[in-house]
Amino acid sequence: MIRVSVVGAKGRMGSHVVDAVNGAADTQLALALDAGDDLTRISPDNTDVVVEFTVPAVSLTNVLALVAQGVDVVVGTTGWTEEKLAKVREAIAAGPRPDTQKVFIAPNFAISAVLADHFSTQAAKYFESVEVIELHHPDKVDAPSGTAIHTAAGIAAARKAAGLGPVPDNTQTDGGSRGQVVDGVHVHAVRLRGLNAHEEVLFGNAGEQLVIRADSFDRGSFMPGVLLAVRKLAGDAPAGLTVGLDKFLDL
Ligand SMILES: NC(=O)c1ccc[n+]([C@@H]2O[C@H](COP(=O)([O-])OP(=O)(O)OC[C@H]3O[C@@H](n4cnc5c(N)ncnc54)[C@H](O)[C@@H]3O)[C@@H](O)[C@H]2O)c1
Ligand SMILES: O=C(O)C1=N[C@H](C(=O)O)CCC1
């Protein structure tokens, strides 16, 4: 049995993870902690893998503490930047298990979103224009979504590798309606009661359009990906920091 502790266990995602861990045949819940609880209770003596779903403002601190305690960590919280990822790599190198420690961070655990992201990077070099629209429930604290930032960055890298220049855009005045620009790609965030997690990538050429869309209607859609990551960390995932569920899929 894989012993799993959950940090952020009372949250929308954390509570689903607790249920998923309790419901799977090969995992058992070790500790379920939330804000105000003592993270040092988690150790290799009681936990094989920690799943962390909290808030962007505290996730890095939690991950650094857990690495220092020598436990492997699956992270679903958003808000990761290259600078924060570098701090995780440094913490692993300076931690108690520099050669075996595993940390996995995924902007999105839903297969639909991972595939939309993957197909978008494949499509990117064929289109002159691209924009990303993400649509979420209004209780979400960050915008744009971590998934949309990851998708935009992947598209931008694919465009750069293909030698494409900037997207065409003759906007002369903009009060904010053109969205946030992530690596040259405009990203628009919608917050609407009734939605869960959705993303649409619009590609355009003269006379044609491709739309790639992923819809997570329910948080249960993230749980197979979370359990896959837990199993991979308890199994053959490489040591060090891995980012993105696509790394664990045969794409
Ligand atoms: N990767 C994915 O597939 C995926 C899917 C959905 C949500 N998310 C992300 O997961 C994060 C959580 O989303 P949510 O909807 O569950 O949020 P939420 O607000 O419902 O839950 C966050 C939980 O973290 C707890 N928390 C806050 N500070 C803490 C601390 N220092 N230590 C321990 N627990 C702490 C809160 O009390 C709360 O219970 C967000 O960043 C969200 O964008 C990622
Ligand atoms: O509900 C959220 O919050 C979500 N956050 C992630 C993001 O920001 O990309 C994944 C989708 C759901």
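First listed ligand is number 1; within each ligand, the first listed atom is number 1.
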query: Donor-acceptor pair, K247 side chain versus V243 backbone, under 3.5 Å?
result: yes

- prompt: Going by the order shown, which atoms of ligand 2 are within less than 4.0 Å of some heavy atom of P107?
  reply: 6 (C), 9 (O), 10 (C)

Derivation of the side-chain contact (heavy atoms from CB on, under 4.5 Å) call for V88 and L60: CA-CA 8 Å; V88 174; L60 174 64; 3.9 Å; yes

- request: Considering the heavy atoms of V7, write down every atom of ligand 1 situated less than 4.0 Å from one of them.
  value: 33 (C)

message: Would you say Y126 ends up clustered with F119 if hydrophobic residues are merged whenever their side chains have heavy atoms under 4.5 Å apart, either directly or through other cluster members?
response: yes

message: So is N108 touching ligand 1 or not, going by heavy atoms under 4.0 Å?
response: yes

field: Shortest protein heavy-atom distance from atom 18 (P) of ligand 1, along with the residue and atom involved
entry: R12 NH2, 3.7 Å

- request: Mark yes when over 12 heavy atoms from residues, nucleotides or ligands other than Q209 sit less than 6.0 Å from its CD; otherwise mark no.
  value: yes

message: Counting non-hydrogen protein atoms only, what is the nearest one to atom 4 (C) of ligand 1? Give residue, atom name and distance.
response: F53 CE2, 3.7 Å

- request: Provide, to 0.1 Å, the distance between atom 32 (N) of ligand 1 and the closest protein heavy atom, together with that atom's residue and name.
  value: N62 ND2, 3.7 Å

- request: Find out if a path of hydrophobic residues (ILVMFWY) with successive side-chain heavy-atom gaps under 4.5 Å connects M13 to F109.
  value: yes

Numbered atoms and elements of ligand 2 in range of A197, under 4.0 angstrom, heavy atoms: 11 (C), 12 (C)

- prompt: Should G11 be counted as touching ligand 1, given the test is an N or O pair under 3.5 Å?
  reply: yes

task: Please write down residue, atom name and distance for the protein heavy atom closest to atom 9 (O) of ligand 2.
output: T147 OG1, 2.5 Å

field: N or O contact, H137 vs ligand 1, cut-off under 3.5 Å
entry: no

field: CG on D215 to OG on S221, rounded to 0.5 Å
entry: 10.0 Å

task: State whether the side chain of E134 and the backbone N or O of S145 hold a donor-acceptor pair below 3.5 Å, judged by distance alone.
output: yes

query: To which protein heavy atom is atom 11 (C) of ligand 2 closest, and what is the distance rounded to 0.1 Å?
result: H136 NE2, 3.5 Å

- prompt: Of all the atoms in ligand 1, which lie at a distance below 4.0 Å from a heavy atom belonging to G8?
  reply: 24 (O), 34 (N)

query: Taking it one step at a time, do H118 and D246 satisfy side-chain hydrogen bond (donor to acceptor under 3.5 Å, both in side chains)?
result: CA-CA 8 Å; H118 180 70; D246 55 306; 5.7 Å; no

message: Please determine whether residues V17 and L29 belong to a single hydrophobic cluster, defined as Ile, Leu, Val, Met, Phe, Trp and Tyr linked transitively by side-chain heavy-atom distances below 4.5 Å.
response: yes

- request: Might you confirm whether atom CZ of R12 has over 12 heavy atoms from other residues, nucleotides or ligands at distances under 6.0 Å?
  value: yes

query: Would you say G76 has any N or O atom under 3.5 Å from an N or O of ligand 1, going by distance alone?
result: yes

statement: protein heavy-atom neighbour closest to atom 1 (O) of ligand 2 works out as H137 NE2, 2.8 Å

message: Applying salt bridge (Lys or Arg N to Asp or Glu O under 4.0 Å) to D142 and K140, what does each step give before you reach the verdict?
response: CA-CA 6 Å; D142 53 322; K140 184 168 176 55; 2.8 Å; yes

- prompt: Quick one: salt bridge (charged side-chain N to carboxylate O under 4.0 Å, His left out) partners of R219, sequence neighbours excluded?
  reply: none

field: Selected option - heavy-atom contact closest to atom 11 (C) of ligand 1, from V74, V55, T54, T78
entry: T54

message: Return the CZ to OG1 distance between R3 and T27, rounded to the nearest 0.5 Å.
response: 13.0 Å

Protein residue, atom and distance nearest to atom 35 (C) of ligand 1, heavy-atom basis: A35 N, 3.5 Å

Contact check: F109 vs ligand 1, nitrogen or oxygen atoms, below 3.5 angstrom: yes

query: Among the clusters formed by ILVMFWY side chains lying less than 4.5 Å apart, do F127 and L164 turn up in the same one?
result: no

message: V58 versus ligand 1: do any nitrogen or oxygen atoms come within less than 3.5 Å of each other?
response: no

field: Close approach of P107 to ligand 1, heavy atoms, under 4.0 angstrom
entry: yes

field: Cluster check V74, L85: I/L/V/M/F/W/Y, side chain < 4.5 angstrom
entry: no

message: I need the contact type for A148 against ligand 2. Using non-hydrogen atoms and a strict under-4.0 Å cut-off, is it side chain, backbone, both or neither?
response: neither

- request: Check the side chains of T40 and Q69 for a donor-acceptor pair under 3.5 angstrom, ignoring hydrogens and angles.
  value: no

query: Should T77 be counted as touching ligand 1, given the test is an N or O pair under 3.5 Å?
result: no

- request: Just jot down the ligand 1 atoms closer than 4.0 angstrom to any heavy atom of K140, in number order.
  value: 43 (O)

message: Please list, in number order, the atoms of ligand 2 under 4.0 Å from a heavy atom of G146.
response: 7 (C), 8 (O), 9 (O)

Distance from atom 36 (C) of ligand 1 to nearest protein heavy atom, with residue and atom: D34 OD2, 3.3 Å

query: Is R159 salt-bridged to D183, cutoff N-O under 4.0 Å?
result: no

field: Ligand-side contact atoms (ligand 2) for residue partner T78, heavy atom cut-off under 4.0 Å
entry: 6 (C), 7 (C), 8 (O)

- prompt: If you measure from each non-hydrogen atom of D139 to ligand 1, which part falls under 4.0 Å: side chain, backbone, both or neither?
  reply: neither

Between E52 and T54, a side-chain donor and acceptor under 3.5 Å: yes

- request: Kindly identify the option in R219, E134, K140 whose heavy atom sits closest to atom 4 (C) of ligand 2.
  value: K140

message: Out of A229, S221, A197, A106, who is nearest to atom 1 (N) of ligand 1 when you count heavy atoms only?
response: A106

- prompt: Which atoms of ligand 2 have any heavy atom of N108 under 4.0 Å away?
  reply: 10 (C), 11 (C)

statement: Quick look: S145 vs ligand 2, heavy-atom contacts under 4.0 Å, and the answer is both

Subset of ligand 1 atoms that lie under 4.0 Å from at least one heavy atom of M13: 5 (C), 6 (C), 7 (C), 16 (O)

